[in-house]
Every structure is written in structure tokens, then in C-alpha cells.
Amino acid sequence: QVQLVESGGGLVQAGGSLRLSCAASGRPDSATAMGWFRQAPGKEREFVAAINWAGTTYYRDSVNGRFAISRDNAKNTVDLQMSNLNPDDAAVYYCAMNRFGSMRTTPSRDPKAWRYWGQGTQVTVSS
């Protein structure tokens with residue numbers, strides 16, 4: 001069984017930065033994609049960023065240019081560097097992992113398509 005554990009959330013002022021980290025333990029499949037989703041109160045969980053095994057990255061439009069996702073395949077970790085945060089970025093951030101096919105397959109942006117999830121880490125942005 002795969003377990004994902006996030007860390008790095010917290011309170012930051014608007015315009016500030018945070019770095020989220022996620023570590024996978026257990027026996028992850030090879031060629032998995034890893035991603036970050038977020039869920040604000042009263043809203044559905046939404047795609048933030050993803051990276052396939054080959055290292056190709058994908059972002060939602062509103063974070064493109066401000067967030068950067070990276071991974072270490074040997075360590076089964078994924079990070080999300082968030083910069084220039086604004087109050088709209090406040091949410092619980094979830095790490096996710098799934099194998100979608102080959103190492104270069106484009107990951108789905110639908111949270112229902114992802115199999116493994118972390119417990120979430122809170123990101124709060126004060127204005």
C-alpha cells in the first residue's frame with residue numbers, strides 16, 4: 001500500500017512564498033505521475049500541477065509562472081514551490097500519485113482519476 005505524506009503548509013502573507021513537499025512510501029508503481037490538488041472551503045477539489053515520470057510539468061492557468069513542481073524519482077518525492085501567493089491560493093493542498101500509462105503519458109486533471117492521496121496540508125494566505 002502506498003502512503004503519501006505532505007509537509008510545508010502554513011500561513012504566509014500575500015506575495016510571499018511556500019514550498020510544499022510530499023514523500024511516497026510503500027511500493028509505488030514505476031512510471032507514476034505525481035500531482036498537487038487543492039480544495040478551498042465549499043469548493044470542489046481542483047488540479048494545481050502535475051509532473052509525469054519523464055519530468056514534463058503541467059499547471060492550471062492561474063498558477064502558471066508562479067508555482068513550480070519538481071520530483072525526485074529515486075526518492076519518490078514531489079515538491080511544489082509556490083511564489084507570489086494570493087488569497088485565492090488559500091486551500092488544503094493534497095499530494096496525489098497515479099500511474100496513467102507510460103512514463104510520458106499526460107496525467108489527468110480530474111482528481112477522480114488519481115488513486116493515491118495524502119492527508120492534505122493547509123495553506124493560508126493573509127491579505
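By the criterion of side-chain heavy atoms lying less than 4.5 angstrom apart, applied directly or through intervening Ile, Leu, Val, Met, Phe, Trp or Tyr residues, Met97 is grouped together with Val78 in one hydrophobic cluster. A continuous path of ILVMFWY side-chain contacts below 4.5 Å connects Val63 to Met82, so both sit in one hydrophobic cluster.
Taking CG of Asn76 as the reference point, atom OG1 of Thr32 lies at 6.5 Å (rounded to 0.5 Å). For the atom pair CG of Asn52 and OG of Ser102, the computed distance is 8.0 Å after rounding to the nearest 0.5 Å. Atoms OG1 and OH, from Thr121 and Tyr93 in turn, are 10.5 Å apart once rounded to the nearest 0.5 Å.
Among residue pairs with one or both ends in residues 5-29, none qualify as ring-ring contact (aromatic ring centres under 6.0 Å, His included); sequence neighbours excluded. Here side-chain hydrogen bond (donor to acceptor under 3.5 Å, both in side chains) pairs that include residues 2-29, with residues two or more places apart or in two chains, are Glu6-Gln119, Arg19-Asp79, Arg19-Gln81, Ser21-Asp79. Residue pairs that meet the ring-ring contact (aromatic ring centres under 6.0 Å, His included) test with at least one member in residues 103-127, sequence neighbours left out, are Phe37-Trp114, Phe37-Trp117, Phe100-Trp114. Counting only residues at least two apart or on different chains, no salt bridge (Lys or Arg N to Asp or Glu O under 4.0 Å) pair has a member in residues 108-121. For residues 56-78, no residue pair satisfies the ring-ring contact (aromatic ring centres under 6.0 Å, His included) rule, not counting sequence neighbours. Annotation: salt bridge (Lys or Arg N to Asp or Glu O under 4.0 Å) contacts involving residues 82-97, sequence neighbours excluded, comprise Arg38-Asp89, Arg66-Asp89.
Taking Pro87 as the reference, Ala14, Val125, Ser127 meet the side chain to side chain contact (heavy atoms under 4.5 Å, CB included) condition, with sequence neighbours excluded. Considering only residues two or more places apart in sequence or on other chains, Lys75 meets the side chain to side chain contact (heavy atoms under 4.5 Å, CB included) condition with Asp72, Thr77. Residues forming a salt bridge (charged side-chain N to carboxylate O under 4.0 Å, His left out) with Arg60 (at least two apart in sequence, or on another chain): Glu46. Contacts of Ser30 classified as side chain to side chain contact (heavy atoms under 4.5 Å, CB included), with partners at least two apart in sequence or in another chain: Arg99. Checked against side chain to side chain contact (heavy atoms under 4.5 Å, CB included), Asp61 has no partners two or more places apart in sequence or in another chain.
Here Met103 sits in one hydrophobic cluster together with Trp53; the rule is ILVMFWY side chains under 4.5 Å apart, joined directly or through other members.
The side-chain heavy atoms of Thr56 and Ile51, taken from C-beta on, include no pair separated by under 4.5 Å.
When all heavy atoms are compared, the tightest approach of Val2 to Ala24 is CG1-CB, 4.5 Å. Across all non-hydrogen atoms, the minimal contact from Leu80 to Ala49 is CD1-CB, 4.1 Å. Among all heavy-atom pairs drawn from Arg71 and Ala33, the shortest one is NH1-CA, 3.7 Å.
The side-chain contact (heavy atoms from CB on, under 4.5 Å) with Leu20 is formed by just one residue from the set Val48, Ile69, Val123; it is Val123.
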